[in-house]
Amino acid sequence: MTAPTNPPHTTSANGEHLHAPVIDWFEDNARDLPWRHPDAGPWGVMVSEFMLQQTPVTRVLPVYEQWLARWPRPADLAQDAPGEAVRAWGRLGYPRRALRLHGAATAITERHGGDVPTDHAQLLALPGIGEYTAAAVASFAYGQRHAVLDTNVRRVFARAVTGVQYPPNATTAAERKLARALLPPDEQTAARWAAASMELGALVCTAKNETCHRCPISAQCAWNLAGKPDHEGPARRAQTYAGTDRQVRGKLLAVLREAAPGTPVPQSALDRVWHEPVQRARALDGLVSDGLVEPLPDALYQLPATRT
DNA sequence: CAGGCGTGGCA
DNA sequence: TTGCCAAGCCT
């Protein structure tokens, strides 16, 4: 008994047995995404993170390329009207992200000399950047050691470590604690681990139709070893869309996006997108109060031209 | 902290 | 066809 083998209940405490296989797998299987290129820079990483919030990679790719070509630095975006950001956002969805990205670019220009801040707390203070995005930018763009806990990583941890099919609906303190505990001590390794564990969740350990035979840690996965039991408990509440204000907002904004810059749209054109006047008015009011639409005299509307 | 917030692809 | 899902944030 000279070799100090770990007691079984502590072998996964720090995740050492997971780091190397997942990172090695990542070396061979990472997608070649533009924001992973060195020339993308922190701004490219940040733009990609905004766009990837709840939106699939395939839809982000073309918009990302156009965005970076048009606004290669934060100051370039800050100089333009917020409505131009909303217009360029296209059909990515959740257009308030475009407004917040514009606001973040403005703050970076005014407060950080035009450079994406390196500090997690300063990133977190920017509009549209929450716990996940702050950690992602700090880790992916600057190689720092942070727990990057997105839906992919949460699912990987739920299965590999906790042994359940799906993580809780909302991120828990226990998950954050686990993510920190699993973080490799070395900064550079931690950054690789963050990207690798996320990619594993995106490509192999997916929500549906996971492909465990391609997983580098299937032999150590608690969920797999338990026979992949089905999720217990209430299903995630399905998000409805048809007939909601969200759908009406989307239709209204689509009309305004398609109008040429500097060409306001008459209310009558907006009225055609939805038959029910009360909901239509409520949706338009919501867009205005969100700053996504700017009302003008004479019942005209446009994407926001004034910087705030 | 539960709910609001877009959009499109796929099974 | 309908339901589910996709690198969250904000209030």
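In what follows, every heavy atom counts, from backbone to side chain, and hydrogens, waters and symmetry copies are set aside.
Distance Glu199(A) CD to dA6(C) C1': 14 Å, rounded to the nearest Å. Atom OH in Tyr132(A) sits roughly 14 Å away from atom P in dC10(C) (whole-Å rounding). For the pair Phe50(A) CZ and dC5(B) C1', the computed distance is 15 Å after rounding to whole Å. Across the protein-nucleic acid pair, Glu49(A) atom CD and dA6(C) atom P stand 16 Å apart, rounded to whole Å. Straight-line distance from the CG atom of Leu101(A) to the P atom of dC9(C): 13 Å, rounded to whole Å. Per the geometry, CG belonging to Asp150(A) stands 10 Å off P belonging to dA6(C), to the nearest Å. Protein atom CG of Leu99(A) is 17 Å distant from nucleotide atom P of dC9(C), rounded to whole Å. Going from atom CE of Met46(A) over to atom P of dG8(C) covers 16 Å, rounded to whole Å.
Among the atoms of the strands shown, only primed sugar atoms or phosphate atoms (P, OP1, OP2) are found under 4.0 Å from some heavy atom of Arg155(A). Among the protein residues, Trp35(A) comes within range of the nucleic acid bases, having at least one heavy atom under 4.0 Å from a base atom. Contacts of Thr133(A) with the nucleic acid, taken as non-hydrogen atoms under 4.0 Å apart, involve only primed sugar atoms and P, OP1 or OP2. Looking at heavy-atom distances under 4.0 Å, Leu124(A) makes no contact with the nucleic acid at all. Heavy atoms of Ala207(A) sit under 4.0 angstrom from primed sugar atoms or phosphate atoms, though from no base atom.
Spacing between dT11(C) and dG6(B) at atom P, rounded to whole Å, works out to 14 Å. dC5(B) sits 22 Å from dA7(C) when the P atoms are compared, rounded to a whole Å.
Listed by first and then second residue, the ring-ring contact (aromatic ring centres under 6.0 Å, His included) pairs involving residues 53-79 of chain A are Trp35(A)-Tyr64(A), Trp67(A)-Trp71(A), Trp67(A)-Trp89(A) (not counting sequence neighbours). Pairs of residues two or more places apart, or lying in two chains, never qualify as ring-ring contact (aromatic ring centres under 6.0 Å, His included) while including a residue from residues 268-304 of chain A. The stretch residues 168-207 of chain A participates, sequence neighbours left out, in these ring-ring contact (aromatic ring centres under 6.0 Å, His included) pairs: His19(A)-Trp193(A).
The hydrophobic cluster containing Leu296(A) also includes Leu300(A), under a criterion of side-chain heavy atoms closer than 4.5 Å among ILVMFWY residues, counted directly or through chains of members.
The 5' end of DNA chain C is approached more closely, in terms of each residue's nearest nucleotide, by Leu33(A) than by the other of Leu33(A) and Pro127(A).
For the side chain to side chain contact (heavy atoms under 4.5 Å, CB included) test, residues two or more places apart in sequence or in another chain that qualify with Arg272(A) are Ser268(A), Ala269(A).
A salt bridge links Asp290(A) to Arg249(A): at least one charged side-chain nitrogen sits closer than 4.0 Å to a carboxylate oxygen.
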Self-check item: Contact letters for nucleotides 6-11 of chain B, in which S counts primed atoms plus P, OP1 and OP2 and B counts the base, heavy atoms under 4.0 Å
Solution: BBS---
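Once rounded to the nearest 0.5 Å, the distance linking CG of Leu287(A) with CG of Leu256(A) reads 8.0 Å.
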